[in-house]
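Read the structure below first, then the notes.
Protein chains get the first letters and strands the later ones, always in sequence-line order, with residue 1 at the start of each.
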2 protein chains.
Amino acid sequence: MKKNVTISDVAEQAGVSKTTVSRYLNGRFGNMSKETKERIKEVIAEMNYRPSKQAQALKSKRSYLIGIVVADISNMYSSLLLKGIGEVLGKAGYQMIIMDAANSIEQERELLDRLIDQSVEGVILQALSRDAHHYDHLKKANIPLVLVDRDVEPSIFPLVTTDNVTATKKIAEEILSKNYEQVVVVSEPLKDVITRELRYEAVKEVVIAAKRKLTLIEATAETNLSERISELIASPLKTALFASNGRVLMELLTILVNEQVPIPEDIGITGYDDWNLSALVGPGITSIEQQTKVIGEEAANTMLECLKAGAYPVETKTIPAIIQLRKSL
Amino acid sequence: MKKNVTISDVAEQAGVSKTTVSRYLNGRFGNMSKETKERIKEVIAEMNYRPSKQAQALKSKRSYLIGIVVADISNMYSSLLLKGIGEVLGKAGYQMIIMDAANSIEQERELLDRLIDQSVEGVILQALSRDAHHYDHLKKANIPLVLVDRDVEPSIFPLVTTDNVTATKKIAEEILSKNYEQVVVVSEPLKDVITRELRYEAVKEVVIAAKRKLTLIEATAETNLSERISELIASPLKTALFASNGRVLMELLTILVNEQVPIPEDIGITGYDDWNLSALVGPGITSIEQQTKVIGEEAANTMLECLKAGAYPVETKTIPAIIQLRKSL
DNA sequence: TTGAAAGCGCTAACAG
DNA sequence: CTGTTAGCGCTTTCAA
């Protein structure tokens, strides 16, 4: 077990002081002699020296660590989000500490505390609570917070999110243009997450304005979706399902495929597709694709700005979604 | 900008020394008076004190950080893997620093170096190189390395992976039992990744033993898969496609669905499905599902063992895959 | 039962 | 152009 070489070792070997080496490391060769510079460079290469980020951080108050907390890492949304964030942050010399709240608000709280302990310089969060006060301690600790996907109330943090309202209204109009008499929104419980509410309200506005029937199914683990769908198919009204997120869409499709329900003949279906795979299913599913990677990139950029400015630009960046028109309506 | 409270602040406030507070923090109240203990507890709560991991790490040589490097974070495989790793590591009090090599071997190298700089205690890696020497510097730096998904040559690190050979042979036999005359393996270039080779060899063994025709398509971005498939369909031989990973499977399915090729009438298809979504596609795709989350958990457990033992158990843990028999063959 | 003091590996005044 | 010195926030002998 060979011990690590430190700045002192390098200094000694090069016959200079730690200060000089430190200056070299930080590119502050204001007027350092060519020779010392060369000498240090050689010694560093020779000894295979790498400065300890820990020590640097402790002293300089810069950890170059950004904490990322996602709601559920096994969701495809997270993958693409992390990809985008990682690319931007990596280029800027930052590292990500990624954590998975696993949809538990208590766990999220715990994770945020741990991130603070690690002296992260900022946090990018897909919030589980919609209550801004829940995140007060970050503000108190003076750690910049950038929200992705979901806003909190009141909106006191910068946010990067899909343009939910526009996209949802567009697809609602698409539904109506196909003369559906009833639109059934299937969503996880509305009250937990603002985004869900936003999407529901958007559909509602369009459908109500057109005087068609609107139904809401708030699905939980207990909901027997299969049964509800059978009922809808049995009803005389020409019906379209709107899945308010990727998970729900996949669940609905699984049911329809399993029961071999003809799409769109017996029932229409559309919604948000995080997996971007709905082209493959059935006749091709008309759906809304979010530009998740772009959201990640923008969130990272926002973070970088906060860090540079030392201030909070409390603005919302809205990323347009892409409507994929296929044959399920 | 209120400055952080440090151990000194707590000590002062509680009227004891830093040592005592430190002892309290580390649960070393060998024989500390009930009162001091109480007092410190109160003050910590009151001042909202949280010890700095940075400083602790610097002094105690324990960072509780584990580096994870995945080949491509936008792959579904990564999501589930990270989920598994995160659960186990989190419970054990470790944090993950996750990095995305984005399929670049140079970037992977760079990332590993950065992880060393961060003083991670161990690294879990989905290796991009199959040459063990590529990872010598980790061994030199005395950082435990656990491989997932892909082995290197020679096998000098602990590895957690799907039981590729067994699963692949089983599905190859499934193909043969349906009287296909030709099996076409579609894979990304074999030589880059051992796993790909393993899977190909497994199919080969079974198909050759049964004296059926075996064809290999090594697909790159330039390959016109669509054309190749048309040719296969046109051929008089009854043909089954075997996709050697999830990405290839999805690509093949996209082509088949777009061109409305009847499955399995005109061509059979099966393979590895990282997305676990093949139930939804076409008639339902017979496929191999890896227990990716379990692989992550096992990898994390292996890492924990290495850390505890301070030694390398160079063993391979093999996780069985699940064969989903559906209707695409 | 507790404290003083040294030091982890690094940076940054301040002085030459 | 370079070195001395004093910490960053913590842990750990050693001594009381």
Side-chain angles (χ1 to χ4, degrees), chain A residues 1-41 43-44 47-65 116-121 141-142, chain B residues 1-41 43-44 47-65 116-121 141-142:
Chain A
M1 172 111 168
K2 57 182 251 191
K3 70 184 219 287
N4 264 311
V5 347
T6 78
I7 198 173
S8 301
D9 302 331
V10 174
E12 190 178 343
Q13 185 72 17
V16 297
S17 76
K18 293 195 298 179
T19 315
T20 309
V21 179
S22 172
R23 282 198 186 103
Y24 174 87
L25 291 176
N26 296 286
R28 283 204 246 289
F29 0 70
N31 25 21
M32 192 183 299
S33 74
K34 270 272 183 310
E35 300 98 57
T36 13
K37 202 150 85 181
E38 279 305 315
R39 182 99 190 84
I40 294 177
K41 189 173 171 185
V43 174
I44 286 182
M47 305 185 80
N48 212 333
Y49 167 67
R50 317 212 93 224
S52 149
K53 296 288 171 201
Q54 304 267 12
Q56 289 182 322
L58 181 57
K59 184 70 216 190
S60 61
K61 304 284 170 208
R62 309 265 350 235
S63 66
Y64 289 97
L65 253 27
I116 298 178
D117 293 348
Q118 292 287 352
S119 318
V120 295
E121 292 189 30
N142 220 288
Chain B
M1 169 110 167
K2 61 182 247 194
K3 72 183 214 292
N4 265 311
V5 346
T6 77
I7 198 173
S8 302
D9 302 330
V10 175
E12 190 176 346
Q13 186 70 18
V16 296
S17 77
K18 292 194 299 178
T19 316
T20 309
V21 179
S22 172
R23 283 199 186 101
Y24 174 88
L25 291 176
N26 296 285
R28 282 203 248 290
F29 0 73
N31 25 21
M32 192 182 298
S33 73
K34 270 273 183 309
E35 300 98 58
T36 16
K37 203 149 90 178
E38 278 306 314
R39 182 98 190 84
I40 293 176
K41 189 173 173 184
V43 174
I44 285 182
M47 303 184 83
N48 211 333
Y49 167 68
R50 317 212 93 224
S52 150
K53 294 290 173 200
Q54 304 266 12
Q56 290 182 320
L58 181 57
K59 185 70 216 186
S60 60
K61 305 285 171 206
R62 307 265 350 231
S63 66
Y64 288 96
L65 253 27
I116 297 178
D117 293 349
Q118 293 286 352
S119 319
V120 295
E121 292 189 28
N142 222 286

Taking only the side-chain nitrogens and oxygens of [X], find out if one of them lies under 4.0 Å from OP1 or OP2 of [N].
{"X": "A:Thr36", "N": "D:dT2", "result": "yes"}
{"X": "B:Lys61", "N": "D:dT11", "result": "no"}
{"X": "B:Thr20", "N": "C:dG3", "result": "yes"}
{"X": "A:Ser17", "N": "D:dG3", "result": "yes"}

For this session: Applying ring-ring contact (aromatic ring centres under 6.0 Å, His included), name anything that partners B:Tyr49, two or more places apart in sequence or on another chain.
Result: none
Send over the distance from [X] [atom1] to [N] [atom2], rounded to a whole Å.
{"X": "A:Arg62", "N": "C:dC10", "atom1": "CZ", "atom2": "P", "value": "18 Å"}
{"X": "B:Asp117", "N": "C:dC10", "atom1": "CG", "atom2": "C1'", "value": "14 Å"}
{"X": "A:Arg39", "N": "D:dG3", "atom1": "CZ", "atom2": "C1'", "value": "17 Å"}
{"X": "A:Glu38", "N": "D:dC1", "atom1": "CD", "atom2": "C1'", "value": "16 Å"}
{"X": "B:Tyr64", "N": "D:dC10", "atom1": "OH", "atom2": "P", "value": "16 Å"}
{"X": "A:Lys34", "N": "D:dC1", "atom1": "NZ", "atom2": "P", "value": "10 Å"}
{"X": "B:Leu58", "N": "C:dC10", "atom1": "CG", "atom2": "P", "value": "9 Å"}
{"X": "B:Gln54", "N": "D:dT11", "atom1": "CD", "atom2": "C1'", "value": "16 Å"}

Can you check nucleotides 11-14 of chain C for protein contacts, nitrogen or oxygen pairs under 3.5 Å, and list what you find?
residue	atom	partner	partner atom	Å
C:dT11	OP1	A:Asn26	ND2	3.3
C:dT11	OP1	A:Gln56	NE2	3.0
C:dT11	OP2	A:Ser22	OG	2.8
C:dA12	OP2	A:Arg28	NH2	2.4
C:dA12	N6	A:Thr19	OG1	3.0

Exercise. Checking side chain to side chain contact (heavy atoms under 4.5 Å, CB included) for the pair B:Glu121/B:Tyr64: CA distance, chi angles, key distance, verdict?
Worked result: CA-CA 7 Å; B:Glu121 292 189 28; B:Tyr64 288 96; 4.2 Å; yes
Exercise. Residues two or more places apart in sequence or in another chain: which of them pass salt bridge (charged side-chain N to carboxylate O under 4.0 Å, His left out) with B:Arg39?
Worked result: B:Glu42
The criterion is side chain to side chain donor-acceptor pair (under 3.5 Å); which residues satisfy it with [X], sequence neighbours excluded?
{"X": "B:Ser52", "value": "none"}
{"X": "A:Gln118", "value": "none"}
{"X": "A:Thr19", "value": "none"}
{"X": "B:Arg50", "value": "A:Asp117"}

Exercise. Taking the side chain of B:Ser52 as its heavy atoms from C-beta onward, which of D:dC10, D:dT2, C:dG9 lies nearest to it?
Worked result: D:dC10
Seminar exercise, completed: Those residues at least two apart in sequence (or on a different chain) that pass side-chain contact (heavy atoms from CB on, under 4.5 Å) with A:Asn26 are A:Ser22, A:Arg28
Seminar exercise, completed: As a check of understanding: the bend across the helix from C:dT1-D:dA16 to C:dG16-D:dC1, end axes from five pairs, rounded to 10 degrees, works out to 40°
Exercise. Between the main-chain N or O of B:Leu58 and the side-chain N or O of A:Gln54, is there a donor-acceptor pair closer than 3.5 Å?
Worked result: no
